[in-house]
Amino acid sequence: MNLLAVSDVVTGYGPTIVNRGVSLTLGEGEIVTILGPNGAGKSTLLKAIAGLIRPRSGSISFDGTEVTGLAADVMARRGVVLVPEGRKIFVDMTVEENLRLGAYARRDDAAVETDFATMLAFFPILATKRRDKGGSLSGGQQQMLAIARGLMTRPRVLLLDEPSLGLSPLLVKEIKAIILGIGERFGASVLLVEQNAGLALSVASRGYLMQNGRIVVSGAIAELRDMSLMRELYLGGVTGATV
């Protein structure tokens, strides 16, 4: 059974339709990527899954239960958490405060302390800066903090929106290692939206290509690499370098 299933979802803002009947699945322990040009509707789809916007039609199921239209805090408690584009950390709070905020809805205090220690071990740069303000971190460090804060909720599905945006090639490699480690270390499945096709194709097992609000191509990563549309949009050097 799929852990997450999106079926014929339509979203929009005012009179503008963004997602036009999008369907996709995510299995337990999978890393799946959504690729596509700017404005294709990828981030809006993640927001709909996370409960930040309500789909106009279609359905979203998580762990066999329909969750369409549930609010973001309810989805987070159920185990679906979004790490948004642009990181959205709290710049005037310390690294430790940002991390603990990720566990605000949890009541298992002992487990929270264990997870906090795990985050500092998994993200050693955050351990050295745990008392620094979030706004003093570099872009790559802020991205690590955003991912770690999301993991503090103990998600079963982590939605990552453009985690490599604005980062140097060296930091992109670090983010790649982190994404690959999420399933192994934390047992979470990952749905990844990423402009850097090299990164996305190097970590995911399956992928979806979105254009103009629709899924136009999907399949195993090896199959996507061979598709002419993927080569035209990404692998010919238009977007993303090999990671």
Side-chain angles (χ1 to χ4, degrees), residues 1-11 18-19 21-35 41-85 88 99 101-112 114-116 118-119 122 146-161 163 178-194 200 203-208 210 215 218-221:
M1 183 180 68
N2 293 311
L3 183 58
L4 178 71
V6 176
S7 180
D8 294 321
V9 162
V10 175
T11 65
V18 178
N19 297 124
V22 174
S23 298
L24 58 80
T25 61
L26 177 68
E28 195 87 48
E30 267 197 311
I31 301 176
V32 172
T33 187
I34 306 172
L35 294 161
K42 307 182 300 297
S43 294
T44 296
L45 180 64
L46 290 193
K47 290 176 182 177
I49 295 170
L52 291 171
I53 63 172
R54 186 180 182 89
R56 296 186 175 182
S57 62
S59 67
I60 300 170
S61 296
F62 173 65
D63 201 17
T65 300
E66 184 164 348
V67 294
T68 313
L70 293 183
D73 61 327
V74 177
M75 290 298 292
R77 286 196 295 271
R78 291 195 177 205
V80 179
V81 174
L82 173 65
V83 178
E85 180 182 354
K88 304 295 192 298
L99 288 174
L101 193 61
Y104 78 97
R106 294 173 56 182
R107 298 294 179 264
D108 51 341
D109 294 344
V112 167
T114 297
D115 289 348
F116 178 71
T118 299
M119 294 308 153
F122 191 66
I147 294 172
R149 184 181 61 186
L151 289 170
M152 283 294 293
T153 67
R154 284 203 173 180
R156 295 183 64 194
V157 171
L158 194 65
L159 310 172
L160 295 180
D161 194 359
I178 289 167
I179 294 171
L180 288 171
I182 286 172
E184 299 170 6
R185 188 73 177 266
F186 303 102
S189 301
V190 176
L191 185 59
L192 169 68
V193 162
E194 182 55 66
V203 298
S205 59
R206 295 189 296 115
Y208 296 85
M210 184 179 290
I215 301 294
S218 65
I221 292 302

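Position 1 is the first residue of the sequence, and the numbers go up from there.
Note: Ile31 CD1 to Leu26 CG = 9.5 Å, rounded to the nearest 0.5 Å. With rounding to the nearest 0.5 Å, the separation of NZ in Lys47 from NZ in Lys42 is 12.0 Å.
Thr44 and Asn19 are not linked by any side-chain donor-acceptor pair at a separation below 3.5 angstrom, with hydrogens and angles left out of the test.
Counting only heavy atoms from C-beta outward, the side chains of Val83 and Leu159 never approach each other to under 4.5 Å. Using a 4.5 Å heavy-atom threshold, the side chains of Ile147 and Ile178 count as touching. The side-chain heavy atoms of Thr153 and Pro155, taken from C-beta on, include a pair separated by under 4.5 Å. The closest side-chain heavy-atom distance from Pro163 to Glu194 is below 4.5 Å. For the pair Val22 and Met210, the minimum side-chain heavy-atom distance is below 4.5 Å. At a threshold of 4.5 Å between non-hydrogen side-chain atoms, the residues Leu160 and Ile179 count as touching.
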Only pairs under 3.5 Å count here: list side-chain donor-acceptor contacts from residues 54-63, not counting sequence neighbours, and write none if there are none.
unit_1, atom_1, unit_2, atom_2, d
Arg54, NH1, Gly69, O, 3.4
Arg56, NH1, Gly14, O, 3.2
Arg56, NH2, Gly14, O, 2.3
Asp63, OD2, Arg156, NH1, 2.8

Original post:
Would Leu99 and Phe116 count as a side chain to side chain contact (heavy atoms under 4.5 Å, CB included) if you check the C-alpha gap in whole Å, the side-chain angles of each, and the deciding distance to 0.1 Å?
Top reply: CA-CA 7 Å; Leu99 288 174; Phe116 178 71; 3.7 Å; yes

Original post:
For Met119 and Leu151, what are the C-alpha separation, side-chain angles and deciding distance, and is it a side chain to side chain contact (heavy atoms under 4.5 Å, CB included)?
Top reply: CA-CA 8 Å; Met119 294 308 153; Leu151 289 170; 3.4 Å; yes

Original post:
side chain to side chain contact (heavy atoms under 4.5 Å, CB included) between Ile49 and Val6: does it pass, once the steps are laid out?
Top reply: CA-CA 8 Å; Ile49 295 170; Val6 176; 3.8 Å; yes

**OP:** Would you please test Leu158 and Ile182 for side chain to side chain contact (heavy atoms under 4.5 Å, CB included) and show each step?
**Re:** CA-CA 9 Å; Leu158 194 65; Ile182 286 172; 3.7 Å; yes

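When each of Ile215, Asp161, Thr11, Ile34 is checked for a side chain to side chain contact (heavy atoms under 4.5 Å, CB included) with Leu45, only Ile34 meets the rule. Each of Asn2, Val32, Leu191 was compared with Leu24 under the side chain to side chain contact (heavy atoms under 4.5 Å, CB included) criterion, and only Leu191 meets it. Results of the side chain to side chain contact (heavy atoms under 4.5 Å, CB included) test with Met152 over Leu101, Thr118, Val112 single out Val112 as the only residue that passes.
Scanning both residues, Ala72 and Leu52, for their nearest heavy atoms gives CB-CD2, 3.7 Å. Taking both residues in full, the closest heavy atoms of Val18 and Gly41 are given as CG1-CA, 3.7 Å, listed atom of the first, atom of the second, then distance. Of all the heavy atoms in Ala50 and Leu82, the pair that sits closest is CB-CB, 3.8 Å. When every heavy atom of Arg154 is checked against every heavy atom of Asp115, the shortest pair comes out as NE-OD2, 2.6 Å. Contact between Asp8 and Ser23 at its shortest, heavy atoms only, is N-OG, 2.8 Å. Among all heavy-atom pairs drawn from Leu192 and Ala200, the shortest one is CD2-CA, 4.1 Å.
Between the side chain of Ser189 and the main chain of Gly29, a donor-acceptor pair closer than 3.5 Å is present.
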